[in-house]
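Notes to accompany the following structure.
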Amino acid sequence: MARKTIYCAQAFWPRRGRLKGGEVHQFLNRERAVEGGRALATGAPGVAVFSVDGYPDIDLWEEPKMLETFGEVPGIDPAPPDEIQYFKIDCSADGDTWTQIDPMAEREADEEAA
């Protein structure tokens, strides 16, 4: 099983009081994803650039990592560019919902449960 990182950018637009995500665009590396995100931001009020690590052979993916944001994106507070943030994506019928999580808190909870 080969581990792979996918770099993505997704634009968001306001719809009925919520931000709805558009198509997710994939890129070869972080730099191209950020460039693509900047390009998307010229036509959208918000763009999220993120990466996802996983094993495409078995369709097993880790939580996305936010790399950069442009404008307004759902539930995300801008952070310094050197800081990596972790998010969960809920792709339910209501649309894309991004929730920031603290990976250290999850690890501590797992250790306490063990």
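In this text, all values refer to a predicted model and were calculated from it rather than measured experimentally.
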Quiz prompt | OG1-CD distance between Thr69 and Gln10, expressed to the nearest 0.5 angstrom | solution = 13.0 Å

Quiz prompt | Minimum heavy-atom distance between Ala41 and Phe70, given as atom pair plus value | solution = CB-CB, 3.8 Å

Quiz item: Does any non-hydrogen side-chain atom of Trp61 lie less than 4.5 Å from one of Ile6?
Solution: yes

Quiz item: Residues in side chain to side chain contact (heavy atoms under 4.5 Å, CB included) with Leu28, at least two apart?
Solution: Arg32

Would you give me the side-chain donor-acceptor pairs under 3.5 Å for residues 43-53, sequence neighbours excluded?
from: Asp53; atom 1: OD1; to: Thr5; atom 2: OG1; distance (Å): 2.4
from: Asp53; atom 1: OD2; to: Lys65; atom 2: NZ; distance (Å): 2.9

Practice problem: Give, for atom CD of Gln26 and atom OH of Tyr7, the distance between the pair rounded to the nearest 0.5 Å. | Solution: 12.5 Å

Quiz prompt | Contact check, side chains of Trp13 and Lys20, non-hydrogen atoms, under 4.5 Å | solution = no

Quiz item: side chain to side chain donor-acceptor pair (under 3.5 Å): which pairs involve residues 33-46, sequence neighbours left out?
Solution: none

Quiz item: Once you round to the nearest 0.5 Å, how far does CG of Asp57 lie from CZ of Arg3?
Solution: 13.0 Å

